[in-house]
Amino acid sequence: MRRIMTAIIAFVVVMAIASCGGSKNDAERLVKEFLKENLVEPNYKYIDFSELDSTFYVNDSIVKAMREINDTTSVFKKGIKYAEGQDSRKKHFIHVSYRTGEKKVKQTFYLDDQLTRILSFKND
C-alpha cells in the first residue's frame, strides 16, 4: 500500500511539473504572436523569456493605464488590438527580452488566467 501511495504522489508531482512547462509554452506562443502582429520593426530576435508567474495585484484599471501608455510607444504600431474577453482577478505574467534593430527591449506581458490572450504589457 505504501508503494502505491508513493507512486501516486510521484505521478502527481511529475504531472504538475509537466503542466507548468506547457503553460510557459502557451505564454511564449501568445507573446510571439502579439509581437509579430504589433511591432513596427518586423526584424526582431528573442533573447530570453522568464518563468511564468501570476499576480492578483494587477487590476482592470492598471491594465487600462498600461494600454494607454502603450499607445504612445514608437516600437509598436498605433492602435494595438487586444483580444476581448472576461477579465479575471488572477493574471499571469512573463518577462521578455528581445532585440529590434540596435535596440534591446525588456517588457513584462500580462495574460489572462486561462493563458488565452494578452491583456497588456509594460516596459521594464
Side-chain angles (χ1 to χ4, degrees):
M1 185 69 162
R2 188 174 182 148
R3 285 185 179 180
I4 293 173
M5 286 302 290
T6 303
I8 291 172
I9 291 171
F11 177 76
V12 170
V13 169
V14 168
M15 293 306 293
I17 292 170
S19 69
C20 291
S23 297
K24 181 181 177 190
N25 290 338
D26 292 341
E28 287 182 17
R29 179 186 48 78
L30 283 171
V31 169
K32 288 177 181 180
E33 289 173 6
F34 184 86
L35 292 174
K36 182 178 179 182
E37 290 178 20
N38 293 295
L39 280 176
V40 171
E41 175 61 47
N43 299 320
Y44 53 93
K45 180 180 176 184
Y46 296 102
I47 299 171
D48 188 40
F49 284 90
S50 72
E51 291 300 315
L52 187 64
D53 206 344
S54 62
T55 182
F56 290 95
Y57 294 111
V58 175
N59 59 33
D60 298 338
S61 56
I62 293 172
V63 168
K64 182 180 176 185
M66 283 190 285
R67 288 180 177 185
E68 289 172 2
I69 292 168
N70 296 340
D71 281 341
T72 64
T73 183
S74 62
V75 176
F76 286 87
K77 297 174 184 174
K78 299 297 179 203
I80 296 171
K81 300 273 192 277
Y82 296 94
E84 296 297 322
Q86 186 70 19
D87 289 329
S88 61
R89 194 163 118 62
K90 178 182 177 183
K91 293 168 180 60
H92 292 280
F93 65 92
I94 190 167
H95 303 285
V96 181
S97 298
Y98 59 94
R99 187 173 297 282
T100 175
E102 296 297 315
K103 187 175 185 179
K104 183 176 179 183
V105 181
K106 293 175 81 175
Q107 295 168 325
T108 301
F109 283 82
Y110 293 90
L111 301 92
D112 67 337
D113 64 337
Q114 300 298 311
L115 295 172
T116 58
R117 61 195 170 95
I118 302 281
L119 300 173
S120 196
F121 63 93
K122 70 178 180 88
N123 291 316
D124 293 343

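Predicted model only: the values in this text are computed from it and were never measured.
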Between [atom1] on residue [X] and [atom2] on residue [Y], distance to nearest 0.5 Å:
X: Asp26; Y: Thr116; atom1: CG; atom2: OG1; result: 9.5 Å
X: Lys77; Y: Asn38; atom1: NZ; atom2: CG; result: 6.5 Å
X: Thr73; Y: Lys78; atom1: OG1; atom2: NZ; result: 7.0 Å

How close do [X] and [Y] get, counting heavy atoms only, and between which atoms?
X: Leu35; Y: Gln107; answer: CD2-OE1, 4.4 Å
X: Ala27; Y: Leu115; answer: CB-CD2, 4.4 Å
X: Ser120; Y: Met66; answer: OG-CB, 3.3 Å
X: Arg67; Y: Leu119; answer: NE-O, 2.8 Å
X: Ile94; Y: Leu111; answer: CG2-CD1, 4.2 Å
X: Gly79; Y: Asp71; answer: N-OD1, 4.2 Å

### Task
Take atom CD of Glu51 as the centre, draw a 6.0 Å sphere, and report whether it contains more than 12 heavy atoms from other residues, nucleotides or ligands.
no

### Where at least one partner belongs to residues 104-124, residue pairs that pass salt bridge (charged side-chain N to carboxylate O under 4.0 Å, His left out), sequence neighbours excluded
Asp112-Arg117, Lys122-Asp124

### Query
So, His92 versus Ser54: side-chain donor-acceptor pair below 3.5 Å or not?
no

### Task
Take Tyr46 and Glu28, measure what side-chain contact (heavy atoms from CB on, under 4.5 Å) needs, and give me the verdict at the end.
CA-CA 11 Å; Tyr46 296 102; Glu28 287 182 17; over 6 Å; no

### Task
Determine, step by step, whether Phe49 and Lys32 satisfy the side-chain contact (heavy atoms from CB on, under 4.5 Å) criterion, reporting the C-alpha distance in whole Å, the side-chain angles of both residues, the deciding distance to 0.1 Å, and the verdict.
CA-CA 11 Å; Phe49 284 90; Lys32 288 177 181 180; 3.9 Å; yes

### Query
Looking at Val31, Thr108, Ile47, which one forms a side-chain contact (heavy atoms from CB on, under 4.5 Å) with Val96?
Val31

### Query
Is there a side-chain contact between Val58 and Phe93 (heavy atoms, below 4.5 Å)?
no

### Task
Go through the steps for Tyr98 and Leu39 under the test side-chain contact (heavy atoms from CB on, under 4.5 Å), then give the verdict.
CA-CA 12 Å; Tyr98 59 94; Leu39 280 176; 3.7 Å; yes

### Query
Is Leu30 reachable from Leu52 through a run of hydrophobic residues whose side-chain heavy atoms are each under 4.5 Å from the next?
yes

### Query
Tell me the ring pair (Phe, Tyr, Trp, His ring centres under 6.0 Å) pairs involving residues 53-83, sequence neighbours left out?
Phe34-Tyr82, Phe76-Phe121

